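Since this is a predicted model, take the numbers as computed values, not measurements. All residue numbers in this chain count up from 1 along the given sequence.
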Amino acid sequence: MKNSVIIISSLMYLFSCSSLFAQETEALPPDFILRSEKPATEVLLVGTFHFGYPNLDAHKTAKEDQVDILSPEKQKEVMELVDYLARFRPTKIVVEGGHNSGYLLRRYEDWQQGKETLRAQEIDQLAFRLMDRFKLDTLYGCDAAGLTYDMEQSKDSTVMNKYLSEIFADYDWQSDDPMDALYTRWYEQMTKYSVDFPLLAYFKYLNSEEVIKRMHGAYLIGDFRLDDFRGADALALYWYSRNLRIFRRIQEIGAGPDDRVLVLFGAGHIAILKEQFEASPEYEVVQFSELEKQ
């Protein structure tokens, strides 16, 4: 009996020690410290197609395949999408516009005063309407050029332009890569979806995790494989640099923990921006699909 008591006591002691050891060595989550000073700012990333079809991207949309966003049917769908985005209750709205957004605010004010109608652009159709609904007086244009632009404008532009011309010699989004052909097929399918689906349904598709990831994958094929690093350098100097600068501009708007920032940009930007926002302890990304629950 005595031996049994000793054994039981020993086991209890070992158990208590192991529990204490586990408590002492349990790793704390990073945000226990990184978010200890203040809560994170909520951010909703909204990837969009360009309602006005400037066709500046590699994939062009033929006139007959373009959505007439100003048609009565699509205007009803726009309002349904605006209602959905309004569930986020934004306090600040960031758009793919020039850094000096004064011209956007003038257009917004002209529309409010009945001097101008809303244009076939996502900024007008979505951002202006959300500004009006939530009585916001500022719109943040946070687009940016990539590092290549600064290099072209440098004092030693002759040398820089020679360097850039060599890097971008045949970096033109045209490739015999079989995967590139598959992406073309997928883009054509998405164009069909944009016409056939109600606008909100298409935006839910466009902003799904799977689509965001695969859209970014289009930059990692084809010309990305040029030489050892030439394609990778071209992408870094132009596309990655541009999106990192966009993120930096969004940081500069000075959002606090009580703000909810809606970021409206072309869908191709979202993957890189999402990575930056999710990595930063200053922000908490709200998934597009989460608005269903609000």
Side-chain angles (χ1 to χ4, degrees), residues 29-31 34-35 39-51 57-59 61 67 77-78 80-90 92-96 122 126-127 130 142-143 179-222 224 235-236 239-240 242-244 246-247 250-251 255 259-294:
D31 288 347
L34 299 178
R35 287 184 176 172
T41 301
E42 289 190 348
V43 175
L44 175 67
L45 298 171
V46 181
T48 180
F49 66 97
H50 295 307
F51 292 178
D57 299 321
H59 179 72
T61 304
V67 173
E77 295 178 9
V78 166
E80 183 184 14
L81 175 57
V82 169
D83 289 342
Y84 185 83
L85 296 176
R87 298 179 184 184
F88 180 64
R89 296 175 293 112
K92 296 182 185 293
I93 299 177
V94 172
V95 295
E96 190 176 348
E122 60 273 13
L126 303 178
L130 287 167
C142 288
D143 200 2
M179 185 57 69
D180 192 66
L182 293 177
Y183 263 95
T184 298
R185 282 174 53 190
W186 182 42
Y187 286 150
E188 290 170 351
Q189 191 66 48
M190 284 204 295
T191 298
K192 187 174 185 300
Y193 291 160
S194 70
V195 175
D196 295 344
F197 287 9
L199 199 60
L200 176 55
Y202 182 62
F203 265 69
K204 288 179 179 178
Y205 172 77
L206 198 59
N207 288 278
S208 64
E209 290 294 301
E210 184 179 16
V211 170
I212 290 171
K213 285 191 297 186
R214 291 300 183 234
M215 286 194 75
H216 184 59
Y219 294 94
L220 306 176
I221 59 173
F224 182 76
L235 189 69
W239 190 240
Y240 274 78
R242 181 183 174 191
N243 283 283
L244 289 172
I246 290 167
F247 178 75
I250 297 173
Q251 284 183 322
D259 281 310
R260 292 177 298 280
V261 182
L262 187 150
V263 178
L264 179 68
F265 261 74
H269 294 272
I270 300 302
I272 300 179
L273 293 178
K274 186 171 183 291
E275 180 183 1
Q276 311 315 313
F277 279 110
E278 288 185 337
S280 171
E282 295 180 304
Y283 301 99
E284 181 71 36
V285 175
V286 175
Q287 305 299 331
F288 193 89
S289 59
E290 287 180 22
L291 298 184
E292 295 272 8
K293 306 169 187 175
Q294 299 184 20

D83: partners by side chain to side chain donor-acceptor pair (under 3.5 Å), with sequence neighbours left out: R133
Residue list, side chain to side chain donor-acceptor pair (under 3.5 Å) with E278, at least two apart or on another chain: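 Result, side chain to side chain donor-acceptor pair (under 3.5 Å) vs E278: K274.
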Please report the interatomic distance [atom1]([X]) to [atom2]([Y]), rounded to the nearest 0.5 Å.
{"X": "D196", "Y": "Y202", "atom1": "CG", "atom2": "OH", "result": "11.0 Å"}
{"X": "R242", "Y": "I246", "atom1": "CZ", "atom2": "CD1", "result": "5.0 Å"}
{"X": "E275", "Y": "F247", "atom1": "CD", "atom2": "CZ", "result": "10.5 Å"}
{"X": "F49", "Y": "T191", "atom1": "CZ", "atom2": "OG1", "result": "9.5 Å"}
{"X": "I93", "Y": "L85", "atom1": "CD1", "atom2": "CG", "result": "9.0 Å"}
{"X": "T61", "Y": "H50", "atom1": "OG1", "atom2": "NE2", "result": "10.5 Å"}

Assign the ring pair [X] / [Y] to parallel, tilted or perpendicular, where the plane angle (0 to 90°) is split at 30° and 60°.
{"X": "W186", "Y": "Y183", "result": "perpendicular"}
{"X": "H216", "Y": "Y219", "result": "tilted"}
{"X": "Y84", "Y": "F288", "result": "tilted"}

Kindly indicate whether the side chain of [X], heavy atoms from C-beta on, has any atom under 4.5 Å from the side chain of [Y].
{"X": "L81", "Y": "E77", "result": "no"}
{"X": "L44", "Y": "L291", "result": "yes"}
{"X": "F265", "Y": "V94", "result": "yes"}

L130 and F88: CA distance, side-chain angles, deciding distance, side chain to side chain contact (heavy atoms under 4.5 Å, CB included) verdict: CA-CA 10 Å; L130 287 167; F88 180 64; over 6 Å; no
Chi angles and distances behind the side chain to side chain contact (heavy atoms under 4.5 Å, CB included) call for L199, V67: CA-CA 10 Å; L199 199 60; V67 173; 5.5 Å; no
Donor-acceptor contact below 3.5 Å, side chain [X] vs main chain [Y]:
{"X": "N243", "Y": "L273", "value": "no"}
{"X": "E42", "Y": "R260", "value": "no"}
{"X": "E96", "Y": "G266", "value": "yes"}
{"X": "R35", "Y": "Y283", "value": "yes"}
{"X": "Q276", "Y": "I272", "value": "yes"}

Can you give me the closest heavy-atom contact between [X] and [Y], atom names plus distance?
{"X": "A40", "Y": "P281", "value": "CB-O, 3.7 Å"}
{"X": "L264", "Y": "E122", "value": "CD2-O, 3.7 Å"}
{"X": "D259", "Y": "T41", "value": "O-CG2, 3.5 Å"}
{"X": "A127", "Y": "V95", "value": "CB-CG1, 3.8 Å"}
{"X": "I270", "Y": "G47", "value": "CG1-CA, 3.5 Å"}

Side chain to side chain contact (heavy atoms under 4.5 Å, CB included) evaluation trace for Y205 with M190: CA-CA 9 Å; Y205 172 77; M190 284 204 295; 3.8 Å; yes
Audit row: L235, L220, side chain to side chain contact (heavy atoms under 4.5 Å, CB included) steps and yes/no: CA-CA 9 Å; L235 189 69; L220 306 176; 4.0 Å; yes
Atom CZ of R89: over 12 foreign heavy atoms under 6.0 Å: no
Name of the residue among E209, K213, M215, R214 meeting side chain to side chain contact (heavy atoms under 4.5 Å, CB included) with V211: M215
Those residues that, when tested against E292, pass salt bridge (charged side-chain N to carboxylate O under 4.0 Å, His left out) (two or more places apart): K204
